[in-house]
Structures are given as C-alpha cells and as structure tokens.
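Below, chains carry the letters A, B, ... as their sequence lines are ordered, and counting in each starts from 1.
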Amino acid sequence: MTFRKLVDEVQQLISTALFNLGHPGHKFELLDPPKPEFGDLSSNIAFELSKLYDAKPYQFAQEFVESYLSPIIKDEHEKGFLSMISSVEAHPGGYINFRVNNDTFSEITLSKAIEDPSYGFWDVGKGKRVNLEHTSVNPNKALHVGHLRNVILGDVIYRILQFTNHKVRVLNYVDDSGLQVADIIVAFKFAGFPVEPPRKPMKFDRYCGDYVYVKINELYLTNPSLQEKRRYILKELEAGQSEIAKFASAIVLRVLRDQVTTCWRMKAHYDLVNFESQIVLSDLWETTFDWLKDKRLVRLTMEGKNAGCWTIRPERQGDEEKVIVRSDGTLTYIAKDIPYAAWKVGYVNDPFSYREFSGQWDNTVLWTTTLDISQNENKHPEFASADKAITVIDSRQSRLQCIIASILSKIQQSDNIYMHLGYEPVSLSSRTAHNLGTTIDDKRSIQMSGRKGIQVNADDLIDLVKLKAHEEVSSRNPSYPKEKLDTLAESIAVSALRYNLIKYDLDKNIIFDITESINLNGDTGPYLQYAYARAQRILEKSSEKYCKVSLSLLNSEPEIGIIKVISKFDLVVENAARSLKPKIIAKYIHALATSFNVFYETTPVLKESNREVRIARISLIWAFCKCLEVASYLLGIQPLKEM
RNA sequence: GGGCCCAUAGUUCAGCUUGGAUAGAAUGGCUGCCUGCGGAGCAGUUGGUCGAGGGUUCGAGUCCCUCUGGGCCCGCCA
C-alpha cells in the first residue's frame, strides 16, 4: 500500500515539474534501483529529455532536480503535502533517485499491515466473473507429477484472482467418454481384469492407471480383437444409456473421487466437476453447431481428403483445415471442447442442472452437473456465462486451444474472453527415469507416459517428501506426539511441493528429479515456514504487544529491509494477478522470509533492554507475520507456528 | 515442410513485457558463526566471453534478423 503511495507521489511530482518545464505528459518510467545506495525509487526521465536539450543525461538531471523538482518538494513540504518523499538527487549515471521519508513510511507500512483487514488487497477484477478450468485429468489413472503442476498452477491462479476481486469458479472437466476410459472398460469387460484391486489397500485410481491401463495396452499388441472392442465401448459410452455406459460411469466416479482426494491433499479447491458425456448427451452440441453454421465458422467440405466432413477454416496461411465432424457424423475431440467453451462464457443456454457432488477440505461444496432436472438443487451458485474463461493446460494443447479461442473471439469482438494459460510440461530427469527402471540412452530427460507406466505418482511423491519432513521434525522435537508429527510433516511436504511447482516460469520445462525434490533447504517452501515459526516463537515469548510507538526507532538496515518488502505487497499481488504469473508471489515471499532471517540473526528482540525499541521490533514482527500469512495463503502454503 | 517454447555461474533458475547504474538468487565446493529469540538459519568465499554471428541505438542479457543446439505441436486418435 505504502510503496504505491510513494510511486504515486513521485509520479505526480515529476508530472508537475514536466508541466513547468514545458513538456507536459512526456513519457517516463519509475523503477526499482538495483542497489540501496541509489535510493528507493529511480526515474529515467533524464535519459528521455536530455536528447531534446542536447545535454548529457547527468547534466540534465542535475539541472532538472535543482530547478524543478527540489523547489516543488520544498514548497509542498511547507504546505504539509508530499509526506513520503524525503530527498531527490541526480546520480552521475543519469538517473534521478528518490529517497523515502523512513519514519512516515515505517509508520504507515506497519500499521496498515497489522490493522488493515484487507492488507495486500488491490481491486484488479472489479467483480469480474471468471471460469477457471484446471486439473482435467482423464479418469482412468492416478495423478503424476506433471498433473500436480497443473493442479497447483491452477489453484494458485484461483487464489490470486479470488483475492483481487474476481468471482472465480474452478472447473474440473472430466473426459469420461474418451479412449482412455474405454481402454480400462475393455480390460474389465473383455480381458478378465477384476474390478477390485487384488492387493489391498490400493487406491482405485492407482490400480486402474498403473496396472489395468498399462496391461491392456500391452495386450492390444498381441490381441487385435481387443482393439475392436475398444471401438464398440466408445460408441456405448457416447450413447450413454446402456449397461456398459452405466458400468463405465461407476468406474469413472470411483477414479475421479480418488484423483480429487489427491488434489485435496495438496489443498486445491474446486467448485464444479463437469462431464464430457453430458455435453454430448445434452443439446449443447446441436445449439453450438447451429450457431457455428450461422456464423459461417464451419463448412461442409465436398472434396479432397476431408470430403463429407464439417471443418473449420484454417486460421493462418499454411495451416490445414480442422475436421470437427467426421464423415460418419461423429464428433472429434475438439468438437466437444467448443460447446464447453461456449457454455463457460454464456454463448449458449445452460442445459445443466446442478447437484452436490461432495464436501471438500475447506468446508465448501463441490458441485457437479447433471442432466436430470429432478436432481437440481436450487441453491447452487451460478456457473455458466462468466465474463472470461481461463483454461490451464500444458502447451502441447496450444494449437487446439488457439482454435477454440479464435472461434469464440469471432462471436463478439472481444479478444480476451477465452484464454489458454499454457505451461511447458514436466519431464523426468535421466537419474529419476533410471530409478524407475527406464533407460533413456543419452538424453537429458524423458516425457512421462501413463500408458507405458513411466511416471512419478503424485501420492507416492507426497509420501516421500513427507517421510523426509517427518525425520526432520521428529529429530528436532522428539517429544511431539505422533499425530502432531504427522500433521506437521504433511503440511511441510505440501508446502515444499507446491512451492517447487510454481517457482519456475510457465514456459520452463521442469525436469523433475526425485532426489532434488526432497530437499527442504534453501529456496523452498519449508524455508518460508521456518522463518514464520521463528517469528512466532518471539511473539509467544514476549510480554509486549503491538501498540503505537515511535517507529523511527526501526532504523537499522535489516529493519528497514523488512519494511520495504512489506510495503510492496499489494503491488506484487496486482502484478501477479494481471500477468497471471504465480511465480511472482513465490519470489516475493522468499524475499520476505530472507529479510526476516537477516533481521533475526542480527537484531535482538527479547534481549533488547530499551523497552521502546523492543516494542517497535515486536510490532515489526507482527507486520511480518501478517504479510507472510496472506502471501502464504495465496500460494496455498500453511504458515506453521512450530515445526 | 510449417508453427510454438527454451538456451544466463559446475547444477537448477531470476532478470527480457517497458533497453540504462558493478548481471542476481538458490544449490554444490571451501571457510566462519549456537553456555544469545529454534543452525530447516546467517555471513564470507568460489564460480558468468548472458548459445554463435550480424543489425538498431549515445547505450543490448533485454529489441530485430540469421544460424546452432534442445523440448514440444501439426490425424476423420483423444
């Protein structure tokens, strides 16, 4: 909040000076100086304007500061305005550097952080309604690390958007009528696989994915008649009413519940699960197909290799036309995605009823669509027709997502109504692949494959990190009861994994390595939790409480360091929300924790003899904790009072 | 053949949107710091021709072009 105020004031100041100089509205930028000795905020205005005056940037800067900026500051100070800026100077490098008034700055920063219930809030969304789709894993297998990246990215985006006043609904789309489901149904119905896992306890999603799905794919190679069965099953699934379809539906629900259990374990939140089969069975496709024809976005191809198919015209030159309805009248994969996308943003009437699917970990209700009107529960939230749809799915789907986005953008002239939030997939390091029994020649990494069983299972991974966390916690706190150790280890494991999956840029291919993933030191989730636990211990042991004291006593570098970070929180949140980059919050919170750890090592609090100073430092720690709590919430990391 | 993404320290990555000050973290190696609030920490040190070449600019890790290396996508599969 506070840093934003400084920026505003400096902006205002320079604008006024530019007006006086005779260049009103001239473009300039304010940026963070790379070093503390350059002040708190810098402007490049001298580089811009010196050209016009045929002067060196430094020369111009000096003149500008002396004759235009300083007089205004002085004047305003006399009138009692501009409380934030304490000084301005021209640097030989050419920048004009501003310094903040530390006393006022600390005062406002800390009281805001401690007292303001909406600390960190910035209204980016203005109540805009967003349908955010993520996870959407085929319901025939358990989640692996790659899926976790999707879940966590999606969930952090959800948290950030929700926090910045977007009305977000999180959708998990279930492809229950596709080939992958058909595969395991073939296995159960025609290849003699038992429906119950032979070795209990084993999660059902795990059994279907790691065993049934892998084995049936091996059987296809030696038994072609099984492959024909697959076609048959697929048709049954799309028709929807047969015994096979009902059987499949039961299997899908069982797998889905197990998958969602893993996601809940990672503290992901959902609002709605919807099923592809229902989109096919509803009139959603017909309606959508009608307006596609109306708008002349599709055409019946008469000749060439796609004769008899309905196709979408190529978007760019060189692209091929895309079949959406086959010559036998059945729908392709992308065809099923178009009505879903149209439904998300309200381009078609909502054919669904809604009923409760389940409660979930955060005491909210997870809903599901149904075509059975009698099951509709009136109190359901509004799901269809959001102002914007965001789909989190990896970049291998870019081409298809691009086609969907371009179709929707042609309906109304709004470009951003449908957005694909892509990211590069997770692959396995050669070492990890080797540990899984796969040789990959001399390649650096290998793509995961559910069909071949080359993957790192998500539950296994959480358990593995948890085991390491458990060792660490119990060695430090041998007296903790069993349940407490377990809860703490779980929370630490989740924070380590969540942090690890969002700290990288979306366009970075994560090469996952098991050995590295269990590291709990350095730039990791537990580092943040540890800083918080240390801070909490001081607050717990202190008899002082936060109260209004002279915060000018907080003038050491470590103290000011924390205050500077805290003061920028809302700017960081705004930036993350606008650019949809969760990584930005991760970088911030790491900087926040580091600033505290530096303070902690250098500055005594409980042992400080001067009571005023002690109270000021306690206040600082309060503010730090508040800031870390809110930022951690955005990442889905739980701050721990002890660990 | 067409398209998308990546390349910065031994390793994993920030920084590129909007060009500007001595290119930053983490990790690894080495060295210090617990009879001081929790050492999952802190400090120091080591380590970089920012893939190559050209261009634009007073100024390029950042913008443009070409090339090289790596990943991915391009079916009447899903």
Side-chain angles (χ1 to χ4, degrees), chain A residues 27 29 31 33-35 37-38 42 44 46-47 50-51 56-57 91-95 97 138 175 177-182 234 276 301 305-311 316-320 322-334 336 394-400 402 422-425 427 443-445 447 469 472-473 476-477 492 496 503-511 513 516 519-524 526-531 533-542 579 583 587 590-591 593-594 596-608 617 621 642-643:
Chain A
K27 190 182 126 216
E29 271 162 46
L31 24 103
K35 304 265 170 189
E37 58 263 35
F38 297 148
S42 300
N44 66 344
F47 293 105
S50 57
K51 295 171 192 166
K56 291 229 163 96
H91 187 271
Y95 283 97
N97 296 334
N138 271 310
D175 181 1
S177 57
L179 206 60
Q180 296 202 12
V181 169
L234 213 48
E276 184 179 82
T301 305
K305 59 174 184 165
N306 294 331
C309 300
W310 287 87
T311 58
R316 285 166 304 210
Q317 266 193 335
D319 283 3
E320 298 205 0
K322 188 83 199 161
V323 174
I324 64 166
V325 181
R326 303 188 187 99
S327 50
D328 66 1
T330 57
L331 307 183
T332 61
Y333 173 64
I334 185 169
K336 298 174 191 172
D394 78 54
S395 61
R396 286 173 296 196
Q397 298 284 337
S398 292
R399 189 175 286 258
L400 293 181
C402 186
Y423 60 91
E424 293 292 313
S427 48
K443 293 174 96 178
R444 241 178 109 224
S445 62
Q447 272 203 66
E472 297 278 337
V473 185
R476 287 173 175 75
N477 311 282
I492 291 165
K503 73 172 180 177
Y504 302 108
D505 220 335
L506 298 179
D507 51 22
K508 223 58 146 183
N509 186 350
I510 295 183
I511 298 176
D513 188 88
E516 279 171 23
N519 177 27
L520 306 178
N521 301 333
D523 187 12
T524 65
Y527 176 86
L528 316 173
Q529 293 174 306
Y530 185 67
R534 286 171 131 187
Q536 283 296 311
R537 195 72 345 97
I538 295 178
L539 294 182
E540 185 187 284
K541 290 182 180 171
S542 166
S579 58
K583 174 192 76 178
K587 295 285 164 209
H590 182 256
T594 302
F596 174 79
N597 277 332
V598 172
F599 164 81
Y600 186 91
E601 297 286 340
T602 55
T603 319
V605 179
L606 300 176
K607 302 266 155 59
E608 170 59 47
R617 288 180 185 160
I621 296 175
E642 47 195 2
M643 61 190 280

What are the atom names and distances for every N/O pair under 3.5 Å that joins the protein to nucleotides 74-78 of chain B?
from: rC74(B); atom 1: O4'; to: Arg399(A); atom 2: NE; distance (Å): 3.4
from: rC76(B); atom 1: O3'; to: Arg326(A); atom 2: NE; distance (Å): 3.2
from: rC76(B); atom 1: O2; to: Ser327(A); atom 2: N; distance (Å): 3.4
from: rC76(B); atom 1: O2; to: Ser327(A); atom 2: OG; distance (Å): 3.2
from: rC76(B); atom 1: N3; to: Ser327(A); atom 2: OG; distance (Å): 2.7
from: rC76(B); atom 1: N4; to: Lys305(A); atom 2: O; distance (Å): 3.3
from: rC76(B); atom 1: N4; to: Ala307(A); atom 2: O; distance (Å): 3.1
from: rC77(B); atom 1: OP2; to: Arg326(A); atom 2: NE; distance (Å): 3.2
from: rC77(B); atom 1: O3'; to: Arg326(A); atom 2: NH2; distance (Å): 3.4
from: rA78(B); atom 1: OP1; to: Arg326(A); atom 2: NH2; distance (Å): 2.2
from: rA78(B); atom 1: OP2; to: Arg326(A); atom 2: NH2; distance (Å): 2.6
from: rA78(B); atom 1: O2'; to: Asp175(A); atom 2: OD2; distance (Å): 3.4

Counting any heavy atom closer than 4.0 Å, what does [X] reach on the DNA or RNA strands: base, sugar-phosphate only, or nothing?
{"X": "Phe47(A)", "answer": "base"}
{"X": "Ile492(A)", "answer": "base"}
{"X": "Ser42(A)", "answer": "base"}

Atom pair distance, as rounded to whole Å: [atom1] in [X] and [atom2] in [N]:
{"X": "Leu506(A)", "N": "rC6(B)", "atom1": "CG", "atom2": "C1'", "value": "14 Å"}
{"X": "Asp394(A)", "N": "rC72(B)", "atom1": "CG", "atom2": "P", "value": "11 Å"}
{"X": "Lys56(A)", "N": "rA21(B)", "atom1": "NZ", "atom2": "C1'", "value": "17 Å"}
{"X": "Ile510(A)", "N": "rC6(B)", "atom1": "CD1", "atom2": "C1'", "value": "14 Å"}

Set of residues satisfying ring pair (Phe, Tyr, Trp, His ring centres under 6.0 Å) with respect to Tyr504(A), sequence neighbours excluded: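 Expected list: none.
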Using atom names, set out every protein N or O paired with an N or O of nucleotides 15-18 of chain B below 3.5 Å, distance rounded to 0.1 Å.
from: rG15(B); atom 1: OP1; to: Lys583(A); atom 2: NZ; distance (Å): 2.9
from: rU18(B); atom 1: O2; to: Glu29(A); atom 2: OE1; distance (Å): 3.0

Would you call the rings of His590(A) and Tyr527(A) parallel, tilted or perpendicular, where under 30° means parallel and over 60° means perpendicular?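 The rings of His590(A) and Tyr527(A) sit tilted, inter-plane angle from 30° to 60°.
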Could you run down nucleotides 31-39 of chain B 5' to 3' and tag each one B, S or - for protein heavy-atom contact under 4.0 Å? -----SBBS
Using Watson-Crick and G-U wobble pairs whose two distances are both under 3.5 Å, how do you write the pairing of RNA chain B as dot-bracket, with | for links to another strand? (((((((..((((......[...))))((((((.......))))))....(((((..]....))))))))))))....
At a cut-off of 3.5 Å, list every protein nitrogen or oxygen paired with a nitrogen or oxygen from nucleotides 24-28 of chain B, distance to 0.1 Å.
from: rA26(B); atom 1: O2'; to: Asp523(A); atom 2: N; distance (Å): 3.4
from: rU27(B); atom 1: OP1; to: Gly522(A); atom 2: N; distance (Å): 3.4

